[in-house]
Amino acid sequence: MSAATTLTLQDQSANPAPLGLMGFGMTTVLLNLHNAGLFELNAMILAMGIFYGGLAQVIAGVLESKKNNTFGMTAFTSYGMFWLTLVALIVMPQLGIATKASEHAMAWYLLVWGIFTAFLFVGTLRMNFITQFIFGSLTLLFALLAIGDFTGSAAIKTIAGYEGIICGAAAIYSAMGQILNEIYGREVLPLGGSSH
């Protein structure tokens, strides 16, 4: 009788996180340039929301599932769907499919996403500093946007815009750090190590 053979499969697939981070980061920067008052809400933001912020993040989330990364799968897939729902909230009323959401309704939408993000932030306390910063600043961004809609304050929405640019830029930095550090085999862009 032959001895049982143990087969170990090694994951050779690429790291999907930079794709998800770029989809999130670039789309977040562009939307918040609008929130900060630099330009109007237009097709450029909607297209980014559908394809890069939306679909690319969902793809990254599915690939994170293959990596056995529950956090990455949940975060990227959820934020990809956030962008798709945000575009739908803007476009559906224009197409006559649904009634436009009130500022009060949008405030609750943003608050729920903020609560979800706050829980994910707690998870990042066991990750590197840049990931903590992204999720901490994103929690603050959702809070500011929700307060802006609850109060109708244009000033708070403008502040949220500038804060969102910082959040999105941090995600872009993290993505580029992971890519360049992997290519060069050393720390080209520091990501802040791990807290455990």
> Report yes if the side chains of K66 and S13 come closer than 4.5 Å at any heavy-atom pair, otherwise no.
no
> Enter the distance from L140:CG to F135:CZ here, rounded to the nearest 0.5 Å.
14.5 Å
> Measuring from atom CH2 of W83 to atom CZ of F24, what distance do you get when rounded to the nearest 0.5 angstrom?
7.5 Å
> Quick one: pull up CG in N68 and CE in M73 and give me the separation to the nearest 0.5 Å.
9.5 Å
> Determine yes or no for a side-chain-to-main-chain donor-acceptor pair under 3.5 angstrom, with S78 supplying the side chain and A75 the backbone.
no
> Do L21 and I134 touch side chain to side chain, with heavy atoms closer than 4.5 Å?
yes
> With rounding to the nearest 0.5 angstrom, report the OG1 to CG distance, T27 to L46.
11.5 Å
> To the nearest 0.5 Å, how far apart are CG in L19 and CG in L63?
7.5 Å
> Is it true that a side-chain atom of T124 and a backbone atom of M127 form a donor plus acceptor pair closer than 3.5 Å?
no
> With the 4.5 Å side-chain cut-off for hydrophobic clustering, are M106 and L138 part of the same group?
yes
> Do any side-chain atoms of residues 85-92 form donor-acceptor pairs under 3.5 angstrom with protein atoms, and if so which ones, sequence neighbours left out?
from : atom 1 : to   : atom 2 : distance (Å)
T85  : OG1    : M81  : O      : 3.1
T85  : OG1    : F82  : O      : 2.8
T85  : OG1    : Y109 : OH     : 2.8

> Looking just at side-chain N and O atoms, do N15 and Q178 make a donor-acceptor pair shorter than 3.5 Å?
yes
> Could you note down all residue pairs passing ring pair (Phe, Tyr, Trp, His ring centres under 6.0 Å) where residues 150-172 supplies at least one of them, sequence neighbours left out?
H104-F150, W108-F150
> Which donor-acceptor pairs under 3.5 Å do the side chains of residues 185-193 make with protein atoms, sequence neighbours left out?
none

> Would a distance-only check, ignoring hydrogens and angles, find a side-chain to backbone donor-acceptor pair under 3.5 Å from S174 to A170?
no
> If you measure from CG on L41 to CG on L30, what distance do you get to the nearest 0.5 Å?
11.5 Å
> Taking C-beta and beyond as the side chain, do V112 and F116 meet within less than 4.5 Å on heavy atoms?
no
> Is it the case that more than 12 heavy atoms not belonging to F39 sit under 6.0 Å from its CZ atom?
yes
